[in-house]
Amino acid sequence: RLPATIRSRCVAAAFRAPDAGTATVWLRERGVADPKALLELAGGAPLIALSLEKSSEREQRLQLANDIETLRRGADDPLRCATRWKGYGVERALSWFQSHIAATIQRQMIEQKIDPQLRDLFHYFDVLSEAKSLVQGPLDEVLLLEDLLIRWVRVFRSAGLN
């Protein structure tokens, strides 16, 4: 969001998140009760995990992660979840959903679980990216969420994974 004249004088520096063990210890030292769960919600970023500990966003993200899992198993209603997610803010909910899927993909790749589901997860990640670009337009946000969550359920139903 910086003007091009400022950006042209900047140098991008990439910082990696610390390993999970180091981040867990660091978070515990700061009084975080469940650092592993927060690190997972934060995509491994300890500063984000720390901010989640101190905000109401934590409960919303935990609920969203739970919704994703229950939908995957076919144990919840996509329409009910879409209505709940609208309350989080659609763009925010989609970003959280993308983070959740990215973490799942990363976990599967580390565990070397290369299976058809991984391909579907990559495809669904792209679907979410496209949906995020539609949020700013004249679109019914609940309908967008409903469509995305119904598609999420179908990914697992068609693969026989729920």
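Here the structure is a predicted model, which is why all the values come from computation and not from measurement. Below, each value reflects all heavy atoms present in this structure, side chains not excepted, and no hydrogens, waters or symmetry copies.
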What is the minimum heavy-atom distance between [X] and [Y], and which atoms define it?
X: Ile6; Y: Cys10; result: O-SG, 3.2 Å
X: Pro35; Y: Arg28; result: CG-CG, 3.7 Å
X: Ala93; Y: Leu64; result: O-CD1, 3.9 Å
X: Ala49; Y: Leu27; result: CB-CD1, 3.9 Å
X: Leu149; Y: Pro78; result: CD1-O, 3.6 Å

Would you say that [X] contacts [Y] through its side chain, given a criterion of any heavy-atom pair below 4.5 Å between the two side chains?
X: Ser129; Y: Gln98; result: yes
X: Glu59; Y: Gln63; result: no
X: Cys81; Y: Glu146; result: no
X: Pro46; Y: Leu50; result: no
X: Trp85; Y: Val90; result: no
X: Trp96; Y: Ile101; result: no
X: Leu118; Y: Phe122; result: yes
X: Gln108; Y: Leu121; result: yes

* Asked: With distance as the sole criterion, is a donor-acceptor pair present between the side chains of Thr24 and Lys36 under 3.5 Å?
  ->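 The answer is no; no qualifying pair exists.
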Is the closest basic N to carboxylate O distance between Arg73 and Glu69 below 4.0 Å?
yes
Quick check: does any side chain N or O of [X] sit under 3.5 Å from a backbone N or O of [Y], one acting as donor and the other as acceptor?
X: Arg7; Y: Leu2; result: yes
X: Trp152; Y: Ile68; result: yes
X: Tyr124; Y: Leu148; result: yes
X: Arg58; Y: Glu53; result: no

Roughly how far, to the nearest 0.5 Å, is the [atom2] atom of [Y] from the [atom1] atom of [X]?
X: Leu38; Y: Ser51; atom1: CG; atom2: OG; value: 9.0 Å
X: Leu144; Y: Lys132; atom1: CG; atom2: NZ; value: 12.0 Å
X: Arg151; Y: Leu128; atom1: CZ; atom2: CG; value: 9.5 Å

The remaining residues in the hydrophobic cluster of Leu143, counting side-chain heavy-atom contacts under 4.5 Å among Ile, Leu, Val, Met, Phe, Trp and Tyr, are none
Quick note, salt bridge (charged side-chain N to carboxylate O under 4.0 Å, His left out) partners involving residues 81-91, not counting sequence neighbours, are Asp67-Arg84, Asp76-Arg84, Lys86-Glu141
- [ ] Assess whether atom CD of Glu130 is packed by more than 12 heavy atoms of other residues, nucleotides or ligands within 6.0 Å.
- [x] no
Determine, using the 4.5 Å side-chain heavy-atom cutoff (strictly less than), whether [X] and [Y] are members of one ILVMFWY cluster.
X: Leu39; Y: Val25; value: no
X: Val142; Y: Tyr88; value: no
X: Ile150; Y: Leu71; value: no
X: Ile105; Y: Leu41; value: no
X: Leu145; Y: Val155; value: yes

- Any chance the rings of Phe97 and Phe125 have centres within less than 6.0 Å?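 Between Phe97 and Phe125, the centre distance exceeds or equals 6.0 Å.
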